[in-house]
Amino acid sequence: MNIFTRILPKASQQTSHAFHFHILPPPKPRFPLPRQSHTSTVPELPSPPQDAAIAKLVLESDPESLSEVLSNPTLQWTPHLVDQVLKRLWNHGPKALQFFKHLDCNPFYTHSASSFDHAIDIAARLRDYRTAWTLLHRMRSLRCGPTPRTFAIIAERYVSAGKAHRAVKVFLSMHEHGCRQDLNSFNTILDVLCKSRRVEMAYSLFKMLRSRFKCDSVTYNVIANGWCLIKRTPMAMRVLKEMVERGIEPTLVTYNILLKGYFRTGQFQEAWNFFLEMKKRECEIDVVTYTTMVHGFGVGGEVKKSKRVFDMMVTEGVVPSVATYNALIQVLCKKDNVQNAALVFAEMVRKGCVPNLTTYNVLIRGLCHSGDMERALELMARMEKDDCRPNVQTYNVVIRYFCDAGDIEKGLNMFEKMGDGSCLPNLDTYNILIGAMFVRKKSDDLVVAGKLLLEMIDRGFLPRKFTFNRVLNGLALTGNQDFAKEIMRMQSSCGRVPRHLKL
DNA sequence: ATAACCTTAC
C-alpha cells in the first residue's frame, strides 16, 4: 500500500467516474458500426533446418576447430541465417558469442546490424558489458550502427540487472555514439524503465525531459501503463488527466491500459463500469478490450462473467483472437476444469484460429496439473506437426510435473531430448532438475545435480548461492567430497562474468 | 524494439 492508494481509494469510487467523463470522448448518439478485428491466422513459414544443423555443429565443435568449420565455403552466410543460429544458441551464450566472433573474422562476410544487436543482447545478458560495448564500437566502425534498437537492448539489460541508472545514462549519452535522441528513443527508454517496474524513475525522467521532446500519446500511455503495472492506478489517472489537459487525445490503447489497471488492483466493479462507459460513448471497443475483460474476470474467479463477455464479443461481431482464446483456455484450466478448456481449444481450431505456443503451453500445463501427463505428451507431439515446436517453457512444464510426481527418470529423459538439438535448456530448466535431484536422497542423484550445476555455469547461467550450497551440502553428506571441492573451486572462480568469455 | 490483450517460477 502506498500513500496515493491510501489517500485516494475511497474517493476513487466516485471521482474516477468524474475522471472517466474527463478522459473518455463525449457521447456520440450514433449507432455502432460492427468492428471486425483482425486475427493472425497466417502461420509462420517454417525456417529452413540449416540453422539448426549449424547450431548443432557449433555446439559440438571446440573453439579451436570452430573457425575451420565455419569457413567451409559451401556455407552461404546471410544475415537471416546468422540471426537464426544466434537465436538457437540463445541459451548457450558463450557458444553463441564464439560463433559470432569467428564469423566476424571471416573476410568474406560482414555482420548485419541485427546480428550485432543479438550478439550485444547475449553479451549483456551474461553481464559481460565490456564485450557488449566492444561490439557496439565495432558496429560503429563498420558503419552499420548502433541503432536506436541497440540502445534499447543495452538499456533493457542494464535495468534488468538492477542498474537502472546506467540505463538512463546510456540513453542520455547515445548521441555521443552516433545515434540520435528523439521522441521514439525517449518513449523507448521510458517503456524499458516502466516494464521493469522502475516507474518512479521513468516518471522523473519524463518530467525532466518532457519539454525537450514533443511528447505524444505514446509517451503518456507508456507512463500510465507503468503505474498500472505496479498497481498505482490513481497515479495513472493523474497522468492521463494531465494528458487531456495538455491537449493530447487519449486513444483506445489508453482505455485498454486503464481497464487492465482496474483488473490488476482487483477493482472489478470499476472495470465493468468503465467498460460500460466505453460502450456508451462508442469508443471502438476492440479485441484487446474484450481479451482484457475475459482474462481479468476469469483470473479473478468470475468464470461466468468471463464466458459471458466472450459470448458478448462474438455477438457484437468482434472476432476473438488467439490471445482471447488463450485467455479463456487459461481461465478454464485454472478456475474450471481442463475438459472445458479442451473443448474451447477444439472450438478455436474448428473456427480456423491457429493455436500458438502460448495456447499449447497453457493447455499442456492444465493437463499436467490435472495429472493427465499422457494427454499432455500427446498434445506436445501434436505441436510438432502444427509447425509450432515445443519451446523451453513447454519442456520446463512437463519436466516439472514429471519430477513433482516422482518420475525423475522421465523428467531426465525429457531433458536429454532437449540436449540433442532444437531447444536448449535455460536457467529454469536447470533449477527444476537440480531441485528434483534431492527427493530420492540417492548419492548418484547428487552427482547428477553437481554435473548439472557445472553444465549450467558452462553455458553462462550463474546459479544462485542457495543452489550452490544445497548441492555442496548434498555431495558432502553422500561422501562425494572430491566432487564437492571441484565445484567449490568453480564457484570461487565464477564471479559476475564467467571468465572464459573473452571476445 | 514506440504503447494495450494471451504462458512462466519455487
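Predicted model only: the values in this text are computed from it and were never measured.
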Per-nucleotide protein contact string for nucleotides 5-10 of chain B (B base, S sugar-phosphate only, - none; heavy atom under 4.0 Å): BBBBB-
Pairs touching residues 364-381 of chain A that satisfy side-chain hydrogen bond (donor to acceptor under 3.5 Å, both in side chains), sequence neighbours left out: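 Listed once each, the pairs are A:His369-A:Tyr401.
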Can you measure [X] atom [atom1] to [N] atom [atom2] for me and round it to whole angstrom units?
{"X": "A:Asn187", "N": "B:dT2", "atom1": "CG", "atom2": "C1'", "answer": "6 Å"}
{"X": "A:Phe186", "N": "B:dA1", "atom1": "CZ", "atom2": "P", "answer": "21 Å"}
{"X": "A:Phe206", "N": "B:dT2", "atom1": "CZ", "atom2": "C1'", "answer": "15 Å"}
{"X": "A:Leu259", "N": "B:dA4", "atom1": "CG", "atom2": "P", "answer": "14 Å"}
{"X": "A:Met293", "N": "B:dA4", "atom1": "CE", "atom2": "C1'", "answer": "15 Å"}
{"X": "A:Phe274", "N": "B:dA4", "atom1": "CZ", "atom2": "C1'", "answer": "12 Å"}

Residues A:Glu302, A:Arg308: salt bridge by 4.0 Å N-O rule: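 No salt bridge links A:Glu302 with A:Arg308.
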For residues 195-208 of chain A, tabulate all N or O donor-acceptor pairs below 3.5 Å that involve a side-chain atom, not counting sequence neighbours.
unit_1, atom_1, unit_2, atom_2, d
A:Lys195, NZ, A:Asp191, OD1, 3.0
A:Lys195, NZ, A:Asp191, OD2, 2.9
A:Ser196, OG, A:Val192, O, 3.1
A:Glu200, OE2, A:Arg232, NH1, 2.9
A:Ser204, OG, A:Glu200, O, 2.9

Could you tabulate the donor-acceptor pairs under 3.5 Å formed by side-chain atoms of residues 164-173 of chain A, not counting sequence neighbours?
unit_1, atom_1, unit_2, atom_2, d
A:Ser173, OG, A:Lys169, O, 3.2
A:Ser173, OG, A:Val170, O, 3.2

Please list, one pair per line, the donor and acceptor atoms closer than 3.5 Å that link side chains of residues 152-162 of chain A to other protein atoms, with sequence neighbours excluded.
unit_1, atom_1, unit_2, atom_2, d
A:Arg157, NE, A:Asp121, OD1, 2.5
A:Arg157, NH2, A:Asp121, OD1, 3.0
A:Tyr158, OH, A:Trp133, NE1, 3.0
A:Ser160, OG, A:Glu156, O, 3.2
A:Ser160, OG, A:Arg157, O, 3.3

Enumerate donor-acceptor pairs with a distance under 3.5 Å from any side-chain N or O in residues 216-230 of chain A to protein atoms, sequence neighbours excluded.
unit_1, atom_1, unit_2, atom_2, d
A:Asp216, OD1, A:Asn187, ND2, 3.4
A:Asp216, OD1, A:Val218, N, 3.2
A:Asp216, OD1, A:Thr219, N, 3.1
A:Asp216, OD1, A:Thr219, OG1, 2.9
A:Thr219, OG1, A:Asn187, OD1, 2.7
A:Thr219, OG1, A:Asp216, N, 3.1
A:Thr219, OG1, A:Asp216, O, 3.4
A:Asn221, OD1, A:Thr254, OG1, 2.8
A:Asn221, ND2, A:Ser217, O, 3.3

